[in-house]
Amino acid sequence: MTHIIDYPTDQKYQAEVISSQRLTPEGTDEIRELILEVLDDDFTCAINNSFGVLVNSAGMFGNTFHHRLYSVSDLPSKENGKTRITMLVKRCKFLDEFSGEEYNGICSNYLCDRKEGEVITITGPFDLAFNVPKDNSANMILIGMGTGIAPFRAFIKHIYNTRTGWRGKVRLFYGAKTGLEMPYMNEENGDLKNYYDEETFKAFQAISPRPHWADPVALDAAMVEQAEEILEMLSMNNTYVYVAGFEKVRDNLNRAFAEILGSKEAWESRKAELVAGGKWAEVIY
């Protein structure tokens, strides 16, 4: 497993904030979409890339900067020779388990506070753990939580906007605390709804049954409801499974897949085959 400290920060670029738009309504968790224009003409980025954001920070351990990675959430574009990239960021707070004090997330709050015209420092680009398969008949099971939708939104737009003749099944399972907190699939921004008419694409949403009680998002239940099709897809050699989201979702997904395949042992065996074949990948944070 690769950790954030393993990503180099020596190659830095300056990027201007072209726009910052809130994608979730007031009264819900704040998730924003930022569009950046990289000021260095040499910077290039692809949909299967992530990039880092560097924030000056005098940390308790003597750190001089804070580094966080973000996936591109749209097709990178060129404007006057400069690359534009889109990112999702959720304003985060963290509770210290020992002191009980609440702290603002450094990068997330920094980015959510940026205004149009301001310049930030980025690093990369870096390869994601997963790529869009080259085979147009490949099947993909995409599982995203929260801002984990970012790379899959880019994948889906790429498949249906810039690739021709995609024949494989694309099944997106997307979870959030409430329906209003699903970027690109909520009332504020329904971008992914543009692809509901595609014959090969289906999306399934899952929310927390009691969001104010911090109950877990029922993503596993949404998958079990589609057990027959998932089982069929997992029986094929050209099916890829990609996961992006919170670390705590991993156990729930393993339980869901075990139920779908009939046993924990059957799922562990199939998952090992997917991993060995380069057809299982995850970005967990």
Are [X] and [Y] close enough that some pair of their side-chain heavy atoms sits under 4.5 Å apart?
| X | Y | result |
| --- | --- | --- |
| Asn254 | Lys271 | yes |
| Thr147 | Val89 | no |
| Thr200 | Tyr160 | yes |
| Val241 | Phe257 | yes |
| Gln14 | Thr121 | yes |
| Val283 | Leu69 | no |
| Glu198 | Ile159 | no |
| Val132 | Asn48 | no |

From [X] atom [atom1] to [Y] atom [atom2], the distance as rounded to the nearest 0.5 Å:
| X | Y | atom1 | atom2 | answer |
| --- | --- | --- | --- | --- |
| Ser19 | Leu34 | OG | CG | 7.0 Å |
| Arg91 | Cys112 | CZ | SG | 4.5 Å |
| Arg84 | Lys78 | CZ | NZ | 12.0 Å |
| Thr44 | Asn49 | OG1 | CG | 7.5 Å |
| Ile141 | Lys279 | CD1 | NZ | 12.5 Å |
| Ile106 | Asn56 | CD1 | CG | 11.0 Å |

Keeping the roles fixed (side chain from [X], backbone from [Y]), state whether a donor-acceptor pair exists under 3.5 Å.
| X | Y | value |
| --- | --- | --- |
| Arg255 | Ala258 | no |
| Thr24 | Asp29 | yes |
| Thr162 | His158 | yes |
| Asn238 | Ser137 | yes |
| Tyr242 | Gly144 | no |

Under 4.5 Å between side-chain heavy atoms, counting indirect links through other Ile/Leu/Val/Met/Phe/Trp/Tyr residues: same cluster for [X] and [Y] or not?
| X | Y | result |
| --- | --- | --- |
| Val17 | Val119 | no |
| Ile85 | Val55 | yes |
| Leu231 | Trp280 | yes |
| Phe126 | Val53 | no |
| Ile31 | Met87 | no |

Would you name the heavy atoms of [X] and [Y] that are closest together and state the gap between them?
| X | Y | answer |
| --- | --- | --- |
| Leu128 | Ser50 | CD2-CB, 3.9 Å |
| Val243 | Leu253 | CG1-CD1, 3.7 Å |
| Gly148 | Ala244 | O-CB, 3.5 Å |
| Thr164 | Asn136 | O-ND2, 2.7 Å |
| Met236 | Glu232 | CG-O, 3.5 Å |
| Ala15 | Leu36 | CB-CB, 4.1 Å |

Residues [X], [Y]: salt bridge by 4.0 Å N-O rule:
| X | Y | answer |
| --- | --- | --- |
| Glu273 | Arg270 | yes |
| Arg153 | Asp74 | yes |
| Lys169 | Glu229 | yes |

Can you tell me if [X] has over 12 outside heavy atoms packed within less than 6.0 Å of its [atom1]?
| X | atom1 | answer |
| --- | --- | --- |
| Gln226 | CD | yes |
| Lys264 | NZ | no |
| Lys202 | NZ | no |

message: The test is side chain to side chain contact (heavy atoms under 4.5 Å, CB included); show your working for Lys12 and Ile122 and say whether it passes.
response: CA-CA 6 Å; Lys12 303 179 182 66; Ile122 67 171; over 6 Å; no
statement: Those residues at least two apart in sequence (or on a different chain) that pass ring pair (Phe, Tyr, Trp, His ring centres under 6.0 Å) with Phe43 are Tyr13
Arg114 to Tyr110 six-membered ring, cation-pi geometry met (6.0 Å, 45°):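 Because its charged atom sits under 6.0 Å from the ring centre and within 45° of the axis, Arg114 does stack over Tyr110.
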Leu172: which of Phe155, Phe204, Phe201 passes side chain to side chain contact (heavy atoms under 4.5 Å, CB included): Phe201
task: Mind telling me whether Phe130 and Phe152 have parallel, tilted or perpendicular rings, with 30° and 60° as the class edges?
output: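 Rings of Phe152 and Phe130: tilted, as their planes differ by 30° to 60°.
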- prompt: Going through the distances and angles, do Ile143 and Met223 end up as a side chain to side chain contact (heavy atoms under 4.5 Å, CB included)?
  reply: CA-CA 9 Å; Ile143 304 168; Met223 294 177 61; 3.8 Å; yes
message: I'd like to know whether Leu111 forms a side chain to side chain contact (heavy atoms under 4.5 Å, CB included) with Tyr70, so could you lay out the CA-CA distance, the side-chain angles of the two residues, the decisive distance to 0.1 Å, and finally the verdict.
response: CA-CA 11 Å; Leu111 288 168; Tyr70 295 88; 3.5 Å; yes
task: Please assess Glu37 against Thr83 for the test side chain to side chain donor-acceptor pair (under 3.5 Å), listing each intermediate value before the final yes or no.
output: CA-CA 6 Å; Glu37 182 174 274; Thr83 298; over 6 Å; no
task: Could you go through the side chain to side chain contact (heavy atoms under 4.5 Å, CB included) check for Thr123 and Leu54 one step at a time?
output: CA-CA 7 Å; Thr123 63; Leu54 277 176; 3.7 Å; yes
